[in-house]
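Values below: all heavy atoms of this structure, side chains included; hydrogens, waters and symmetry mates excluded. From a predicted model like this one, the values you see are computed outputs, not experimental measurements.
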Amino acid sequence: MEKISSAIYEFIRACVPEEDILLNEPMYKHTTFRVGGEAQCLVRISESGQLEKLIPYLRKVEVPYFILGNGSNLLVGDKGYEGIILQIGSRMNGIWAEGDCIRASAGALLSQVARCAQENGLTGLEFASGIPGTIGGGVVMNAGAYDGEMKQIVEQVTVMNEQGEILVLDRETMEFSYRTSIIKNRPFVVLEVLMRLQPGDKNEIQKKMEELSRRRQEKQPLEFASAGSTFKRPEGHFAGKLIMDAGLRGYSIGGARVSEKHCGFIINTGKATAADVAEVIGEVQERVKDKFGVTLETEVIFLGDF
């Protein structure tokens with residue numbers, strides 16, 4: 001992997017404190033799959049002004065970059081990523097209650113935002129309390145669970161384009177649909193999300209969150225590293241049932257395995273490589289297609305070289 005040029009490094013250093021610039025950073029530290037090779041450079045972002053400088057510059061010098069949240073929907077190849085990772089996480093995670101609304105910076109975890117809503121007696125975000133991603137990533141993919149999804153509550157999304165310009169998109173402009181939004185196909189970076197909720201009883205909201213947590217623990221392999229549901233739900237089917245009916249329950253390659261507890265999850269049993277995970281995904285897709293004629297699309301994003 002080539003080193004980034006000294007000129008590029010110096011520009012990044014002029015925008016971001018040196019301690020927030022990590023060279024040759026192992027990506028297994030930054031994904032919930034706990035696999036992945038090194039990124040040439042990972043930059044921890046703490047405020048939008050840094051992105052306003054960095055993104056137009058990286059585009060101008062034609063250096064590839066990737067926006068990373070909590071890495072909960074990401075598979076990075078074992079050979080790493082030849083580019084720059086811009087991580088919007090714990091340094092950019094403010095959450096504010098404003099009447100019946102919650103405003104959150106893109107790096108705030110969905111679980112933290114759901115907790116803030118509960119503490120302020122606001123209902124509508126309970127479904128997100130166990131989703132391991134950030135609010136930014138959640139909006140990009142219209143994250144959902146247990147009959148709830150982001151499009152039901154999002155009022156406005158503040159984004160930045162590749163020129164460093166700030167835009168405010170309303171719910172309709174976001175073009176939310178199943179596990180996607182306008183941002184999936186546009187080079188926008190989420191900065192902040194405004195959600196409109198409903199007044200509710202704090203104790204009832206807490207009970208609902210606890211009930212959803214119990215259901216997750218019963219039905220999902222939370223004791224293993226994974227990216228949650230590996231596949232989108234195909235129309236008219238459930239991915240987990242198709243995988244189980246294809247005889248793939250417990251199917252494994254290396255350290256990657258189809259979970260016996262929930263066949264829609266591919267898990268890292270401890271020593272998986274990204275190639276192991278990718279091979280299991282490919283085998284599952286092939287067998288389900290052969291047996292049922294159904295194409296399974298991944299929710300997981302593939303990044304870098306495998």
Peer 1: With a 6.0 Å cut-off (strictly less than), is the heavy-atom count around CZ of Phe127, excluding the residue itself, greater than 12?
Peer 2: yes
Peer 1: Do Met141 and Val139 belong together in a cluster built from hydrophobic side chains that touch within less than 4.5 Å?
Peer 2: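 Different hydrophobic clusters.
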Peer 1: Can you establish whether the number of heavy atoms outside Asp201 located under 6.0 Å from its atom CG is more than 12?
Peer 2: yes
Peer 1: Can you name the nearest heavy-atom pair linking Arg216 to Ser129, along with the distance?
Peer 2: NH1-OG, 4.5 Å
Peer 1: Where the side chain of Asp78 meets the backbone of Ala274, is there a donor-acceptor pair that is under 3.5 Å apart?
Peer 2: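 Checking the backbone N and O of Ala274 against the side chain of Asp78, a donor-acceptor pair under 3.5 Å is found.
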Peer 1: Check for a donor-acceptor pair, side chain of Ser105 on one end and backbone N or O of Gly107 on the other, with a separation under 3.5 Å.
Peer 2: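 Side chain of Ser105 to backbone of Gly107, a donor-acceptor pair under 3.5 Å: no, none is there.
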Peer 1: Hydrophobic clustering (ILVMFWY, side-chain heavy atoms < 4.5 Å, transitive) - are Phe33 and Phe306 grouped together?
Peer 2: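 Linked, Phe306 and Phe33 end up in one cluster.
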Peer 1: Determine, step by step, whether Phe231 and Val288 satisfy the side chain to side chain contact (heavy atoms under 4.5 Å, CB included) criterion, reporting the C-alpha distance in whole Å, the side-chain angles of both residues, the deciding distance to 0.1 Å, and the verdict.
Peer 2: CA-CA 12 Å; Phe231 303 97; Val288 168; over 6 Å; no
Peer 1: Of the non-hydrogen atoms in Ala106 and Ile135, which two are nearest, and what is the gap between them?
Peer 2: O-CG2, 3.5 Å
Peer 1: Is there a path of hydrophobic side-chain contacts, each under 4.5 Å between heavy atoms of I, L, V, M, F, W or Y residues, that connects Val159 with Met195?
Peer 2: yes
Peer 1: Measuring only between side-chain heavy atoms, which start at C-beta, is Val280 closer than 4.5 Å to Val258?
Peer 2: yes
Peer 1: For the hydrophobic clusters of this structure (ILVMFWY residues joined by side-chain heavy atoms under 4.5 Å, transitively), does one cluster hold both Phe176 and Val168?
Peer 2: no
Peer 1: What heavy-atom pair brings Ser226 and Gly228 nearest, and what distance separates the two atoms?
Peer 2: OG-N, 3.1 Å
Peer 1: Identify the two heavy atoms, one from Ile131 and one from Ala143, that lie closest to each other, and give their separation to 0.1 Å.
Peer 2: CD1-CB, 4.3 Å
Peer 1: Is the side chain of Glu260 donor-acceptor paired with the backbone N or O of Arg249 at a distance under 3.5 Å, no angle test?
Peer 2: no
Peer 1: Is there a donor-acceptor pair under 3.5 Å between the side chain of Gln285 and the backbone N or O of Leu296?
Peer 2: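 Yes, because the side chain of Gln285 sits within donor-acceptor range (under 3.5 Å) of the backbone of Leu296.
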Peer 1: Check whether more than 12 heavy atoms from other residues, nucleotides or ligands sit under 6.0 Å from atom CZ of Phe302, and answer yes or no.
Peer 2: yes
Peer 1: Contact between Leu86 and Gln50 at the side-chain level, heavy atoms closer than 4.5 Å - yes or no?
Peer 2: no
Peer 1: List the steps, then state whether salt bridge (Lys or Arg N to Asp or Glu O under 4.0 Å) holds for Glu10 with Arg13.
Peer 2: CA-CA 5 Å; Glu10 287 304 320; Arg13 202 170 67 160; 3.0 Å; yes
Peer 1: Looking at CG of Leu197 and CD of Gln118, how far apart are the two atoms once the value is rounded to the nearest 0.5 Å?
Peer 2: 12.5 Å
Peer 1: What's the separation between atom OG1 in Thr123 and atom CG in Asp100, rounded to the nearest 0.5 Å?
Peer 2: 11.5 Å
Peer 1: With heavy-atom distances below 4.5 Å as the criterion, would you say the side chains of Val154 and Val157 are in contact?
Peer 2: yes
Peer 1: Where is the tightest heavy-atom contact between Ile102 and Cys116, given as atom of each residue plus distance?
Peer 2: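 Nearest pair, atom of Ile102 first, then Cys116: CD1-SG, 3.8 Å.
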Peer 1: Is any side-chain heavy atom of Asp245 closer than 4.5 Å to one of Phe292?
Peer 2: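 Result yes, sub-4.5 Å side-chain heavy-atom pair found.
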Peer 1: For Glu18 and Tyr9, test the side chains for any donor-to-acceptor distance below 3.5 angstrom and give the result as yes or no.
Peer 2: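 Per modelled atom types, Glu18 and Tyr9 side chains form a pair under 3.5 Å.
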Peer 1: State whether the side chain of Asn93 and the backbone N or O of Leu109 hold a donor-acceptor pair below 3.5 Å, judged by distance alone.
Peer 2: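 Side chain of Asn93 to backbone of Leu109: no pair is present.
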Peer 1: More than 12 heavy atoms of other residues, nucleotides or ligands under 6.0 Å from NZ of Lys208: is that the case?
Peer 2: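 No, not enclosed.
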Peer 1: Just verifying a value: how many Å separate Ile166 CD1 and Met160 CE, rounded to the nearest 0.5 Å?
Peer 2: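 So the CD1 of Ile166 and the CE of Met160 are separated by 3.5 Å.
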Peer 1: Hey, does Thr295 have a side-chain heavy atom less than 4.5 Å from the side chain of Pro234?
Peer 2: no
Peer 1: Measure the CG-CH2 distance between Asn120 and Trp96 for me, rounded to the nearest 0.5 Å.
Peer 2: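 Going from CG on Asn120 over to CH2 on Trp96, the span is 13.5 Å.
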Peer 1: Report, as yes or no, whether the 6.0 Å neighbourhood of atom NZ on Lys184 holds more than 12 heavy atoms from other residues, nucleotides or ligands.
Peer 2: yes
Peer 1: Applying the side-chain contact (heavy atoms from CB on, under 4.5 Å) criterion to Asn142, which one of Glu149, Gln152, Met174, Glu175 satisfies it?
Peer 2: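 One option only clears the test, and that one is Glu149.
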Peer 1: Evaluate side chain to side chain contact (heavy atoms under 4.5 Å, CB included) for Val16 paired with Arg44, printing each intermediate quantity in order.
Peer 2: CA-CA 8 Å; Val16 179; Arg44 296 186 293 217; over 6 Å; no
Peer 1: Check for a donor-acceptor pair, side chain of Asn70 on one end and backbone N or O of Pro132 on the other, with a separation under 3.5 Å.
Peer 2: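 It does hold such a pair.
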Peer 1: Would you say the side-chain atoms of Arg179 pair up with the backbone N or O of Gly144, donor to acceptor, closer than 3.5 Å?
Peer 2: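 The answer is yes, because a donor-acceptor pair under 3.5 Å joins these two groups.
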Peer 1: Just so I know, are the side chains of Glu223 and Lys261 near enough to count as touching, which here means a heavy-atom distance under 4.5 Å?
Peer 2: yes
Peer 1: Where is the tightest heavy-atom contact between Ile205 and Gly200, given as atom of each residue plus distance?
Peer 2: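 Nearest heavy atoms, Ile205 then Gly200: CD1-C, 4.1 Å.
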Peer 1: Could you state the interatomic distance from CG (Leu191) to CD1 (Ile88), rounded to the nearest 0.5 Å?
Peer 2: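 Leu191 CG to Ile88 CD1: 6.5 Å, rounded to 0.5 Å.
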Peer 1: Return the CD1 to SG distance between Ile84 and Cys41, rounded to the nearest 0.5 Å.
Peer 2: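 Output value for this atom pair is 5.0 Å.
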Peer 1: Would Arg214 and Glu218 count as a salt bridge (Lys or Arg N to Asp or Glu O under 4.0 Å) if you check the C-alpha gap in whole Å, the side-chain angles of each, and the deciding distance to 0.1 Å?
Peer 2: CA-CA 6 Å; Arg214 184 186 62 76; Glu218 284 177 0; 2.5 Å; yes
Peer 1: With hydrophobic residues grouped by side-chain heavy-atom distances under 4.5 Å, do Ile12 and Ile55 end up in a single group?
Peer 2: yes
Peer 1: Looking at Asp276 and Thr273, would you say the former's side chain and the latter's main chain have a donor-acceptor pair under 3.5 Å?
Peer 2: yes
Peer 1: Using a strict 4.0 Å threshold on nitrogen-to-oxygen distance, state whether Glu82 and Lys79 make a salt bridge.
Peer 2: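 No.
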Peer 1: Counting heavy atoms not belonging to Glu297, are there more than 12 under 6.0 Å from its CD?
Peer 2: no
Peer 1: Measure from the side-chain N and O atoms of Ser181 to the backbone N and O of Val140, and report whether any donor-acceptor pair falls under 3.5 Å.
Peer 2: yes
Peer 1: Tell me whether Arg215 at atom CZ has more than 12 heavy atoms from other residues, nucleotides or ligands lying less than 6.0 Å away.
Peer 2: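 Atom CZ in Arg215 is crowded, with more than 12 foreign heavy atoms closer than 6.0 Å.
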Peer 1: Show the numbers, then the answer: is there a side chain to side chain contact (heavy atoms under 4.5 Å, CB included) between Ile8 and Tyr57?
Peer 2: CA-CA 9 Å; Ile8 292 170; Tyr57 173 77; 3.6 Å; yes
Peer 1: Do the ring planes of Tyr81 and Phe66 sit parallel (below 30°), tilted (30 to 60°) or perpendicular (above 60°)?
Peer 2: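 If you compare the ring of Tyr81 with that of Phe66, the planes turn out perpendicular.
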Peer 1: For residues Leu54 and Tyr65, determine if any side-chain heavy atom of one lies less than 4.5 Å from a side-chain heavy atom of the other.
Peer 2: no
Peer 1: Would you call Glu286-Lys289 a salt bridge at under 4.0 Å N-O?
Peer 2: no
Peer 1: Measure from the side-chain N and O atoms of Ser259 to the backbone N and O of Phe265, and report whether any donor-acceptor pair falls under 3.5 Å.
Peer 2: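 No, Ser259 side chain to Phe265 backbone: no donor-acceptor pair under 3.5 Å.
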Peer 1: Using the rule side-chain hydrogen bond (donor to acceptor under 3.5 Å, both in side chains), only one of Glu119, Arg115, Glu126 pairs with Gln206; which is it?
Peer 2: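 Only one of Glu119, Arg115, Glu126 forms a side-chain hydrogen bond (donor to acceptor under 3.5 Å, both in side chains) with Gln206, namely Arg115.
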Peer 1: Taking the side chain as every heavy atom from C-beta outward, state whether Val76 and His30 have any atom pair closer than 4.5 Å.
Peer 2: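 A side-chain contact is absent here, since even the closest heavy-atom pair is not under 4.5 Å.
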Peer 1: Go through the steps to decide whether Arg171 and Glu155 satisfy the test side chain to side chain contact (heavy atoms under 4.5 Å, CB included), and finish with yes or no.
Peer 2: CA-CA 5 Å; Arg171 187 183 311 181; Glu155 192 81 359; 3.4 Å; yes
